Amino acid sequence: MAKPSVVKTAPRRFNRDQIIIYIVLLPVIVVMLLPVIYIVFHAFKPIDELFAYPPKFITLHPTWDNFRMLFGVADASSWPVSLRLFNSVISTIAVVAASVLMSAAAGYVLAKKEFRGKRALQQINQAALMFVPLAVAVPRFLIVKQLGLMNNFLSHILPQLAMPVGLFLIQQFVSQVPDSLLDAARLDGCSDYGILFKIVMPVIKPALCTVAILAFQQAWTATEASQMFIDGEKLKTFAYFVDSVASPTGASLPGQAMAAAAALITFVPTIVLFIIMQSQVVNTVAHSGIK
């Protein structure tokens, strides 16, 4: 009797058959890394290299002056940059945690529960995917004002919790969870909250990690609340500070130097989080979270 063939999908040692894979992938990796490398080089360029023509990709004389200039402006203001960073960190953590929890709960209900108006809610969420944040800025401002959240720290958090793309992604993953698994949990006396936290969320962990990255990126770079909902400087975020410092100066030398440094500071946390959770993101794309 012939032995069944074994397919090796992840060899532990280098094999000559992998050479063709590296030949194809390495140029793609280099092209995708170029923007990241450019952001790093650009942040350390001195003034003369920032405005050099033709522009140079690699920094010839790296300097920390751009960062010193950026934080020097912050120290000269009424509130230190540490307070703005604190506001950004707290609001971002709250948005990420609440967005993941709300998306998981709503996705579970829409995928596994039957109730009147379910299809209408699904269609509304899908329609919301077509609207950019700027399109709903005025309605969002009116809602925040009616709720009495003007000049309130919660205005950084509550408007960011609605994530149509996160809900859509979670719903698709939850719909793949076998109903028999949930029925068995109910027979064991598990409530809907128990099913959500003990069964559904562990199973769809890759999708939750992807939603967390999207929520982090959205909250970390958000300036809407600081621009529209908050008047005092005490509650404003670091993203608003770097945007306000760099933007009004236009193409001036200090403004562009500080903008280059600010771009790197804003970019680094997002890429670090993605690197930490990249395996989960790959599983989400491959739809391998459901066994």
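These numbers come from a predicted model, not from an experiment. Throughout, numbering of the chain's residues begins at 1 and tracks the sequence.
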Could you tell me whether the side chain of D188 and the main chain of C190 form a donor-acceptor pair under 3.5 Å? no

For K112 and V177, work out which heavy atoms get closest and say how close. NZ-O, 2.6 Å

Can you confirm whether Q217 is buried at CD, in the sense that more than 12 heavy atoms of other residues, nucleotides or ligands lie under 6.0 Å from that atom? no

Once you measure the plane-to-plane angle for F67 and F44, does it fall in the parallel (<30°), tilted (30-60°) or perpendicular (>60°) bin? tilted

Go through the steps to decide whether F86 and I90 satisfy the test side-chain contact (heavy atoms from CB on, under 4.5 Å), and finish with yes or no. CA-CA 6 Å; F86 178 80; I90 296 300; 3.6 Å; yes

Check: F141 and M150 side chains under 4.5 Å, non-hydrogen atoms: yes

Are there over 12 heavy-atom neighbours, none belonging to F131, within less than 6.0 Å of that residue's CZ? no

Minimum heavy-atom distance A215-V95, with the two atoms named: O-CG1, 4.2 Å

What's the separation between atom CZ in R186 and atom CG in D179, rounded to the nearest 0.5 Å? 8.0 Å

Using a 3.5 Å distance criterion without hydrogens, assess whether the side chain of T63 forms a donor-acceptor pair with backbone atoms of D65. yes

S88 side chain vs F238 backbone, donor-acceptor pair below 3.5 Å: yes

Is it possible for you to say whether L154 and L83 belong to one hydrophobic cluster, with membership spreading through side-chain heavy-atom contacts below 4.5 Å? no

Give a yes or no on whether the backbone of T266 and the side-chain of W220 come within a donor-acceptor separation of less than 3.5 Å. yes

Heavy-atom count around Q123 CD within 6.0 Å, excluding the residue itself: above 12? yes

4.5 Å side-chain heavy-atom contact, M102 and M163: no

Rounded to the nearest 0.5 Å, how far does CZ of F41 lie from CG of L34? 10.5 Å

Donor-acceptor under 3.5 Å (T210 side chain, P206 main chain): yes

Can you check side-chain contact (heavy atoms from CB on, under 4.5 Å) on F168 and N125, steps first, answer last? CA-CA 7 Å; F168 180 79; N125 183 73; 3.9 Å; yes

Hydrophobic cluster membership, with links at side-chain heavy-atom distances under 4.5 Å among I/L/V/M/F/W/Y: are L161 and F216 in one? no

CG of L182 to CD1 of I195: how many Å apart, nearest 0.5 Å? 5.5 Å

Side-chain heavy atoms of S226 within contact of H156, under 4.5 Å: yes

Common cluster, I157/V136, ILVMFWY with side-chain heavy-atom separation under 4.5 Å: no

Could you check whether the rings of F57 and Y38 sit parallel, tilted or perpendicular, using 30° and 60° as the cut-offs? tilted

Quick one: does any side-chain atom of E49 pair with a main-chain N or O of H61 as donor and acceptor, under 3.5 Å? yes

Considering non-hydrogen atoms only, spot the tightest contact between D231 and N151 and give its length. N-OD1, 2.6 Å

Within a reach of under 6.0 Å around CZ of F115, are more than 12 heavy atoms found that belong to other residues, nucleotides or ligands? yes

Ignoring hydrogens, what is the shortest heavy-atom contact between A261 and A43? Give both atom names and the distance. CA-CB, 4.2 Å

Taking all non-hydrogen atoms of both residues, which atom of N87 and which atom of K236 are closest, and how far apart? ND2-O, 3.0 Å

SG (C209) and CG (L273) are apart, to the nearest 0.5 Å, by 9.0 Å

Applying the side chain to side chain contact (heavy atoms under 4.5 Å, CB included) test to L110, which of V174, I170, L121 qualifies? L121

Could you tell me whether the side chain of K118 and the main chain of K113 form a donor-acceptor pair under 3.5 Å? yes

Side chain S103, main chain V100, donor-acceptor under 3.5 Å: no

Looking only at atom types and distance, does a side-chain atom of K45 sit under 3.5 Å from a main-chain N or O of P62, one as donor and one as acceptor? no

Determine whether a donor-acceptor pair (N or O, by modelled atom type, separation under 3.5 Å) exists between the side chain of E224 and the backbone of A137. no

Given side-chain contact (heavy atoms from CB on, under 4.5 Å), test V36 with F267 step by step and report yes or no. CA-CA 9 Å; V36 178; F267 173 75; 3.8 Å; yes

Take N152 and F229 through the side-chain contact (heavy atoms from CB on, under 4.5 Å) test and state the conclusion after the steps. CA-CA 8 Å; N152 192 309; F229 310 144; over 6 Å; no

Quick check: do T59 and P46 have side-chain heavy atoms less than 4.5 Å from each other? yes

On a heavy-atom basis, the closest approach of A185 and I199 is CB-CD1, 3.2 Å

Output the distance between atom OG1 (T92) and atom CD (Q160), rounded to the nearest 0.5 Å. 9.0 Å

Point-to-point distance, once rounded to the nearest 0.5 Å, from CZ of R140 to CE of M228: 8.5 Å

Given the rule that I, L, V, M, F, W and Y join up when any side-chain heavy atoms are under 4.5 Å apart, are V268 and V96 in one cluster? yes

Using the rule that Ile, Leu, Val, Met, Phe, Trp and Tyr join whenever any side-chain heavy atoms are under 4.5 Å apart, tell me whether V31 and I21 fall into a single cluster. no

